[in-house]
Amino acid sequence: MQLMPELPEVETTVRLLRPMVLGRGMGELRVAWARILGGQSIAEFQKHIRGTRVLSIDRRAKYILLRLGRQGLPAGVIVVHLRMTGRLYVDPPGADPESHVQVEIELDNGHHLRFLDVRKFGRFQFAHDESEILPALGPEPLSDDFQPHWLMRSLQRHRRQIKPLLLDQSFLAGLGNIYVDEALHRAGIHPQANSARLDAERVRALHGAIRRILTVAIRREGSSFDRFYRTPEGKPGGYQAQFQVYGREGQPCRRCGGTVRRTVVGQRGTHWCRGCQHR
DNA sequence: ATCCTATCCTGGCTGC
DNA sequence: TGCAGCCAGGATAGGA
């Protein structure tokens, strides 16, 4: 079983990295797997970042944005996507790099910003402006833009299976397979329910479930099952202990006692409870 | 508009 | 025990 970093894992990464990178100067770049850079050459990337400082680090959807400046003026941004097995962290001087470190940048305090990615699906890209890289993204589920009436209208505008729709980052930004399964279970919605047919009560429940689950998961510093997701401090997250359905195929539902099932919906492994979730 | 498939990758798992 | 083959899984592109 894998863990793909979703909004809570990316948010945790950003929060823990912030004090380690803010204001730091960017030095020598080393790249093991050039395709991680998304087509840009190592030399170009190095030229762009050399002598810049980190002005800010933020999250948008599942992207990490490291904004850079030179003499206080904006000088581009590094856009990182962890995809499934990526980790971004800072090592102190002398720390032995782990295997699968694909990109590292020496910082002006001798530490290294390291991007580790076993499967190499992640991206670590430079752009003059993040708009060159970020695709169209829906609202942030923890922002004020995400309201029940917005969700109701938007669900009705589409007529899609609810799970693939919630995974669509241009619809709503930041959810992935795990938190969608958990949110649908909490809201009592079948993963294949038609988005346009959910009544107002279900939609309110879904809105509340998404907010609640993401908020608690961030508080727990995300979820980890295996060696993949770790916070930048190297610790596993703690939210996996709260999973109601994800990864619990064949085990009893914690709410109704029925058996948690696993099926495939929209080409994704999907965990749900027939007793709790209806179309 | 929506859905489906292939692609990118590697480690872990299954089955023999 | 060893090994070949299968599979997951986010995002995207291209075809139906």
Side-chain angles (χ1 to χ4, degrees), chain A residues 1-13 31-40 59-65 79-88 98-103 115-125 127 130-138 140-141 153-184 191-198 214 217 222-230 240 243 245-250 261-272:
Chain A
M1 191 185 311
Q2 302 298 323
L3 178 118
M4 37 294 171
E6 304 181 24
L7 188 156
E9 291 75 29
V10 179
E11 179 66 26
T12 299
T13 297
V31 179
W33 185 257
R35 295 178 69 169
I36 294 274
L37 305 184
Q40 190 159 48
R59 178 190 62 76
R60 169 70 173 118
K62 302 177 199 171
Y63 294 86
I64 297 165
L65 306 175
V79 181
V80 181
H81 198 303
L82 305 175
R83 287 286 178 96
M84 294 177 333
T85 56
R87 286 175 49 198
L88 190 66
E98 298 172 79
S99 47
H100 308 294
V101 170
Q102 310 298 356
V103 182
F115 182 63
L116 180 155
D117 189 1
V118 171
R119 293 203 183 153
K120 305 173 177 173
F121 276 16
R123 286 293 176 266
F124 191 104
Q125 297 175 265
E130 65 222 44
S131 62
E132 297 161 33
I133 292 175
L134 296 187
L137 293 165
E140 288 288 331
R153 247 188 304 113
S154 304
L155 290 173
Q156 284 175 341
R157 228 182 22 246
H158 298 274
R159 289 174 197 158
R160 294 176 62 183
Q161 294 183 342
I162 186 68
K163 170 160 179 176
L165 184 56
L166 292 176
L167 287 173
D168 184 338
Q169 302 296 297
S170 69
F171 179 80
L172 185 64
L175 294 178
N177 207 35
I178 294 170
Y179 295 106
V180 165
D181 280 1
E182 292 296 313
L184 289 174
Q192 291 179 287
N194 183 323
S195 64
R197 295 220 181 123
L198 296 173
L214 293 177
S223 311
S224 307
F225 307 101
D226 54 25
R227 66 208 166 76
F228 284 128
Y229 174 71
R230 289 293 180 274
Q240 65 278 6
F243 287 168
V245 286
Y246 193 86
R248 298 193 65 246
E249 180 187 9
R261 312 160 68 79
R262 185 184 184 278
T263 57
V264 174
V265 176
Q267 285 82 249
R268 301 265 164 246
T270 298
H271 309 76
W272 60 287

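Every chain is numbered from 1 and lettered A, B, ... according to where its sequence line falls, protein lines coming before strand lines.
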Separation of atom NZ in A:K163 from atom P in B:dC3, rounded to whole Å | 14 Å
Candidates A:K62, A:H81, A:R60 - the one meeting side chain to side chain contact (heavy atoms under 4.5 Å, CB included) with A:V10 | A:K62
Taking every heavy atom of A:T13 against every heavy atom of A:L88, the minimum-distance pair comes out as CG2-O, 3.8 Å
Atom CD of A:Q267 and atom P of C:dA8 are separated, to the nearest Å, by 11 Å
When every non-hydrogen atom of A:G222 is compared with those of A:T12, the smallest separation belongs to N-OG1, 3.9 Å
Between the protein and nucleotides 11-13 of chain C, list the N/O to N/O atom pairs that are separated by less than 3.5 angstrom.
unit_1, atom_1, unit_2, atom_2, d
C:dA11, OP1, A:H81, NE2, 3.0
C:dA11, OP2, A:K62, NZ, 3.1

Compare every heavy atom of A:G269 with every heavy atom of A:D181, then report the nearest pair and how far apart it is.
-> OD2-O, 3.9 Å
Sort out the partner of B:dA1 for me: Watson-Crick or G-U wobble, both distances under 3.5 Å, none otherwise.
-> none
How long is the line joining NZ of A:K120 and P of B:dT7, in whole Å?
-> 19 Å
May I ask you to verify if any side-chain N or O of A:H158 is less than 4.0 angstrom from the OP1 or OP2 atom of B:dT2?
-> yes
Roughly, in whole Å, what's the span from CD in A:E6 to C1' in C:dG10?
-> 10 Å
For A:I36 and B:dT10, give me the distance from atom CD1 to atom P, rounded to whole Å.
-> 10 Å
In whole angstroms, the gap separating P of C:dG10 from CG of A:D117 amounts to 14 Å
A:W33 has an atom CH2; how far is it from atom C1' of B:dC8, in whole Å?
-> 10 Å
Rounded to the nearest angstrom, tell me the gap between atom CG in A:N177 and atom P in C:dG9.
-> 6 Å
Do A:Q169 and A:Y63 have side-chain atoms, one donor and one acceptor, less than 3.5 Å apart?
-> no
Can A:Y246 and A:S223 be counted as having a side-chain donor-acceptor contact under 3.5 angstrom?
-> no
